[in-house]
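Bear in mind the structure is a predicted one, so any value in this text is a computation, not a measurement. As the structure lists them, so they are numbered: ligands from 1, and atoms in each ligand from 1.
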Amino acid sequence: MPVDRNAPASERIAPVIEGLEEAYPEASIALRFITPLECVVATVLSAQSTDVKVNEVTETLFVKYRGPEDYLKVPEEELQEDIHATGFFRQKTRALRGLSQKLLDDFDGEVPGTIAELIQLPGVARKTANVVQSNCFPDALTKDPDAGIVVDTHVGRLAVRLGLTDHGPKDAEKVETDLQGLVPKMQWPRISYLLIDHGRTICLAKKPLCADCPIEPLCPSSQEAELPDLYRVAMDRIKSKKKK
Ligand code: SF4
């Protein structure tokens, strides 16, 4: 019998990944970069910004700033100006200069590959570290006991809708742990980008397009099947808790 939406998450995860792979074979990170340093910088700049805006800014930024020393050589105001369009430019400038200094002081100017080392860099939290490791150090990921799954707003929302976590969409670290328990480690980098592409195109936050969804028979939040949207339910619970 084929697995359907009523099966436990542990049985649905493989066909969910398969369905998303078929629908989004090109799924990958939307930020543009070549070196690990560019990946760190682009990911730091992407906070509270869009990938399109960050790519616009980094197109010229990465020509001017090639190594960590370049982010320290210019006056702070000049770097602020260069990244201004991505928003929160003062905070991001502090992070870029802080992480550049740390790379020069402790890592011979090279971006390290383990999560434990990456999160030592100022402005680099677990999500950024996961992005950098999965894109730039895939071999380190397989051996690193701290390796993880990138959980952004789309991944959090879809994990809840698909019943892949018992936690809320904003509990990024708990959602990450639940996904780690379901998804084979080799597929950790893929699952994020598959869910992000699906969240951007079909499983939209306000109104998911369930009639067009390739994994609809596997989804316990399907509007086609007139089921309650588990994401909406979780968000309403968060809102009513805040009111109390
Ligand atoms: S059926 Fe609807 S809610 Fe479920 S994953 Fe597809 S688009 Fe999202």
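Each of the atoms 5 (S), 6 (Fe) of ligand 1 lies under 4.0 Å from some heavy atom of His198. Close contacts of ligand 1 with Cys210, meaning ligand atoms under 4.0 Å from a residue heavy atom, involve 1 (S), 2 (Fe), 3 (S), 7 (S). Annotation for ligand 1: atoms under 4.0 Å from non-hydrogen atoms of Arg161 are 3 (S).
Side-chain atoms of Lys127 never come within 3.5 Å of backbone atoms of Asp152 as a donor-acceptor pair (strictly under, hydrogens ignored). Using modelled atom types, one side-chain atom of Glu38 and one backbone atom of Ile34 make a donor-acceptor pair closer than 3.5 Å. Put simply, the side chain of Glu110 never gets that close to the backbone of Pro36: no donor and acceptor are under 3.5 Å apart.
Within the 4.5 Å cutoff, side-chain heavy atoms of Leu99 are placed close to those of Leu96.
For atom 8 (Fe) of ligand 1, the closest heavy atom belonging to the protein is Cys203 SG, 2.4 Å.
The side-chain contact (heavy atoms from CB on, under 4.5 Å) test with Pro214 is passed by exactly one of His198, Glu22, Glu21: His198.
Taking the charged nitrogens against the carboxylate oxygens, Lys73 and Asp70 do have a contact shorter than 4.0 Å, which makes a salt bridge.
Taking backbone and side-chain atoms together, Cys219 has no N/O/S atom less than 2.8 Å away from atom 8 (Fe) of ligand 1.
Around atom 7 (S) of ligand 1, the closest heavy atom drawn from Ala225, Pro217, Cys213 belongs to Cys213.
Contact annotation: Glu224 has no heavy atom less than 4.0 Å from any atom of ligand 1.
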